[in-house]
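I have placed the structure first, in the form of structure tokens, so that the comments after it can refer back to it.
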There are 2 protein chains.
Amino acid sequence: MNIKQLEVLRTLLATGSTIATAKAMGLSQSGVSRLLQQLEADLSMSLFVRDKGRLVPTPEALLLARHAENILLAVDRMSSHAEDLRSGAAGPEIVRVGLPSSMWEHFAPAMLADYIRDFPGVRIETFFETTTAINKLVEQRVIDFGFLRMEGESGSGIEVERVATGENVCVVPKDHPLAELEEITVKNLRDVPLILIGRQRPNRMALDQTFQRAGVKQIVKIETHTNSSACSYVAHGLGVTIISSFYANLYRHLPVVHRPFVPRTTQEFGLARAIGTPLSIAAHALSDALKRQIQLSQKCF
Amino acid sequence: MNIKQLEVLRTLLATGSTIATAKAMGLSQSGVSRLLQQLEADLSMSLFVRDKGRLVPTPEALLLARHAENILLAVDRMSSHAEDLRSGAAGPEIVRVGLPSSMWEHFAPAMLADYIRDFPGVRIETFFETTTAINKLVEQRVIDFGFLRMEGESGSGIEVERVATGENVCVVPKDHPLAELEEITVKNLRDVPLILIGRQRPNRMALDQTFQRAGVKQIVKIETHTNSSACSYVAHGLGVTIISSFYANLYRHLPVVHRPFVPRTTQEFGLARAIGTPLSIAAHALSDALKRQIQLSQKCF
DNA sequence: CGCAATATTATGCAGTTTTGTCATAAGTCT
DNA sequence: AGACTTATGACAAAACTGCATAATATTGCG
């Protein structure tokens, strides 16, 4: 296997033809064709089927392309790191962190603003992903650490430190009748339009079961995939949603209130990082900033 | 930059000498030396200082080695994933296949038993449906491929490969007077109780017409909807049925015999799959197992 | 409908480059 | 001196690369 071959795989999937790939990579078409054949021979599997003179990728090619992407990314990072080392005697240090998608809007900017006051020279790369994706990124050492919901087992070689907890709360518009209640049960939600997230994620499945057991049919108005959008929908009066209080606390500026949802369910959130490789000073400081920001967002109300 | 060069970097740091590295990597010492020089040239920095004839790593080398480690790990992951895909040991892969309802009893279990011997890790989902339903499932990409009777046009974006043929046969109990005949005509069936399937399916309508043209009135004792149940009824002496020899062959273990039905009519059966999306290796292997099973069920009698 | 024009991928060929080994030089330590 | 190291020149083998071109499919035009 060969770096150039992986590049061909990536570019070929992006462009769809050997000619465009050749142009993009500064090679001849025949070179690309050959490189691809070599890769297929090395992996002893066909990555593309030749259909009517065209190359159409097999499912395996799509699967393996993700690995190729990772490898090329790491290669790029190594090159640019070498570049930094060579030119500036002290190239900028880079910290890579994974965060839940819901944090891109307010949490991450605030955290970084806090951080760069102390570490102005550090470059930061943020990955906004789901819990499972962040787990993978840590496992593969793509990121230095990540914030995620702790559920069941974490990947091998990963250490998770609990830094926050939450419980399910029901988020309703400020002036909604339900806002009068101290806490909200399943039965209170009968005939109330719902905004739910994460179809077929474990969290969501448990919620569906709760409704089913209570004999309440869900009126799902909207399905979405981020906590932020769910709260935003609620703020616009499109319905009510049920999310972890941890996330709900991030959107306190919206005209919504949240009330405990019974049956009560708790979640734990933690910082995940690979074991065996200690965090750099800059990375450690960023994780501290993250914890500070969590305190800030959760404590004061 | 080059994967082999990165391997040299890693091994060199681990072993400390080019000779040990050469031994570990199955190269000559001079080869290792040159590989290292290439890497240093590519990165345009020196990774080791030549101190009194020894190679001692620079701090940069240690920094960059982390990247190299990452890259090599990712490469290994890609290789082993490829290996898994090739051998079918890949965990989360699912193959979805559509089969005629008549196959659930014997055919499908035998086929799967054959298949999972070679691909123990693949999850399989079977859909037992009619020809038209299977067509739709393929069209909507719900299943990877399906086995069906070829009739007229197939849906758009679907490619059907013929894998079997059959002709209408009359299935009669072993000791039935009709079993004496070489072949059975419509007229032979006058006043014989019939078991028919698939009311108002094209195949059935053609059969009805045949009877009508010959002026023979059908004595329909039972209407059913699967070939298997029809044969089962015949075996219990409830009448005779007319089905495709392809299906009749699947029930040779019953105490029935089948004789060609004149006027002769032939059917074709095929594997349908969406064009534009090649089958995964696991799916392709399952289609091979299906073909093998067809050979087995049809050939030996 | 037929036929040329324009795509696509694949492949034989030749020149060049890279790779790998051997033999050997040169330095260092005990 | 002898047992280690690494580096290098020579040379053969292998691989790479681009060119020209074949084989095939699609498309446009009359």
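If you're wondering where the values come from, they're calculated on a predicted model, not measured in any experiment. Sequence lines set the chain letters: A, B, ... in the order given, protein chains first and strands last, and positions in each chain run from 1.
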If I take atom [atom1] in residue [X] and atom [atom2] in nucleotide [N], what distance separates them, rounded to the nearest angstrom?
X: A:L55; N: C:dA7; atom1: CG; atom2: C1'; answer: 13 Å
X: A:K23; N: C:dA7; atom1: NZ; atom2: C1'; answer: 12 Å
X: B:L36; N: C:dT19; atom1: CG; atom2: C1'; answer: 16 Å
X: A:L39; N: D:dC16; atom1: CG; atom2: P; answer: 12 Å
X: B:R50; N: C:dA26; atom1: CZ; atom2: P; answer: 18 Å
X: B:I3; N: C:dT18; atom1: CD1; atom2: P; answer: 18 Å
X: B:L27; N: D:dA7; atom1: CG; atom2: C1'; answer: 16 Å
X: B:L35; N: D:dA7; atom1: CG; atom2: C1'; answer: 14 Å

Side-chain N or O of [X] closer than 4.0 Å to phosphate OP1/OP2 of [N]:
X: B:N2; N: C:dT19; answer: yes
X: A:S33; N: C:dA10; answer: yes
X: A:K4; N: D:dC16; answer: no

Check your understanding: Hey, does the side chain of A:S46 reach the backbone of A:F48 with a donor-acceptor pair shorter than 3.5 angstrom?
Key ->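 Pair absent, no side-chain N/O of A:S46 close to backbone of A:F48.
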Check your understanding: Using the ring of each side chain (for Trp, its six-membered ring), is B:F147 parallel, tilted or perpendicular to B:F269, with breaks at 30° and 60°?
Key ->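 Ring orientation of B:F147 relative to B:F269: parallel.
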**Study point:** Pairwise 5' ranking along DNA chain C for B:Q29 and B:Q38, keeping only the more 5' one
**Key:**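 Going by which nucleotide is closer to the 5' end, it is B:Q38.
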Point to revise | Ion pair B:E83/B:R86, N-O distance below 4.0 Å | key: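 Salt bridge present between B:E83 and B:R86.
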Review point. Does B:D288 pair with B:R292 as a salt bridge, N-O distance under 4.0 Å?
Key: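 Result for this pair is no, no salt bridge flagged.
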Have a look at [X] and say if it touches a base, only the backbone sugar-phosphate, or nothing, with a 4.0 Å heavy-atom cut-off.
X: A:S30; answer: base
X: A:G31; answer: nothing
X: A:S28; answer: base

Point to revise | Residues A:N2 and A:E7: side-chain donor-acceptor under 3.5 angstrom | key: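 Per modelled atom types, A:N2 and A:E7 side chains form no pair under 3.5 Å.
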Review point. If you pin B:I19 and B:Q37 to their nearest nucleotides in DNA chain D, which one's is more 5'?
Key: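 Result of the comparison: B:I19.
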Practice item. State whether the distance check finds a donor on one side and an acceptor on the other, under 3.5 Å, for side chain A:R34 versus base C:dG12. Key: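 Checked by distance alone, the answer is yes.
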